[in-house]
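Shown next, in structure tokens, is the structure this report addresses.
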Amino acid sequence: MTNAAPNERELARLQLYQTIAAIPEGKVATYGQLAMLAGQAGAARWVGSCLRKLPPDSKLPWQRVLRAGGKLAFPENSAAYWRQRHLLESEGVLLQNHKVNMRRFQWQP
DNA sequence: ACCCTGACTATCT
DNA sequence: GAGATAGCCAGGG
């Protein structure tokens with residue numbers, strides 16, 4: 001370890017993973033929401049970077065993480081978009097006009 | 001230390 | 001309601 005200070009950052013990352021794992025099937029959360037729950041309010045982009053680093057075989061329900069407006073974070077023409085969309089729909093999270101109705105599907109811990 | 005990038009957001013046209 | 005803009009945090013070159 002190069003850091004003398006105890007890694008606040010890594011601790012937050014673990015808490016982030018833990019929080020994401022707690023999102024129930026059929027519900028979704030936003031990047032900003034998760035950042036706040038992980039004690040890193042305002043760090044929505046940090047959440048995204050953490051998810052991007054996840055290994056392909058991760059058990060984490062990354063598909064339940066959406067943008068604030070209910071849209072997926074990927075462009076609609078990308079493979080990742082449809083991968084995530086199919087996963088969500090198989091859990092009962094439906095999309096209308098390329099976005100999820102947050103009023104209905106957002107997780108509220 | 002500086003600059004750029006990104007699985008982000010809120011606000012204003 | 002769809003773009004453009006400006007904040008935002010953390011990483012990496």
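Remember, predicted model here, so these are calculated numbers, not experimental data. Every chain is numbered from 1, with letters handed out A, B, ... down the list of sequences.
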Starting at [atom1] of [X] and ending at [atom2] of [N], how long is that distance when rounded to a whole Å?
| X | N | atom1 | atom2 | value |
| --- | --- | --- | --- | --- |
| A:Q106 | B:dT9 | CD | C1' | 14 Å |
| A:L11 | C:dA10 | CG | C1' | 16 Å |
| A:Y31 | B:dG6 | OH | C1' | 11 Å |
| A:E76 | C:dA2 | CD | C1' | 13 Å |
| A:Q33 | C:dC8 | CD | C1' | 18 Å |
| A:M102 | B:dA10 | CE | P | 11 Å |
| A:M36 | B:dT9 | CE | C1' | 14 Å |
| A:L88 | B:dA7 | CG | P | 18 Å |

Would you indicate, yes or no, if B:dA7 has its OP1 or OP2 atom less than 4.0 angstrom from a side-chain nitrogen or oxygen of A:R52?
yes
Tell me whether the OP1 or OP2 atom of B:dT9 has a side-chain N or O from A:R67 closer than 4.0 Å.
no
Has the side chain of A:R45 got a donor or acceptor atom sitting under 3.5 Å from an opposite partner on the base of C:dC9?
no
A:E25 side, atom CD; A:L87 side, atom CG - distance, nearest 0.5 Å
10.5 Å
Can you classify the ring geometry of A:Y81 versus A:H98 as parallel (below 30°), tilted (30 to 60°) or perpendicular (above 60°)?
tilted
Given the C1' atoms of C:dC8 and B:dG6, what is the spacing between them in whole Å?
12 Å
[X] side chain, from C-beta outward: closest of [options]:
| X | options | value |
| --- | --- | --- |
| A:A68 | B:dT9, C:dA10, B:dA7 | B:dT9 |
| A:A73 | B:dA7, B:dT9, C:dC9 | B:dA7 |
| A:K53 | B:dA7, C:dG11, B:dG6 | C:dG11 |

Min side-chain heavy-atom separation [X]-[Y] under 4.5 Å:
| X | Y | value |
| --- | --- | --- |
| A:L95 | A:V100 | yes |
| A:Q63 | A:L72 | no |
| A:L66 | A:Q84 | yes |

Base, sugar-phosphate, or nothing: which does A:Q40 touch, judged by heavy atoms less than 4.0 Å apart?
sugar-phosphate
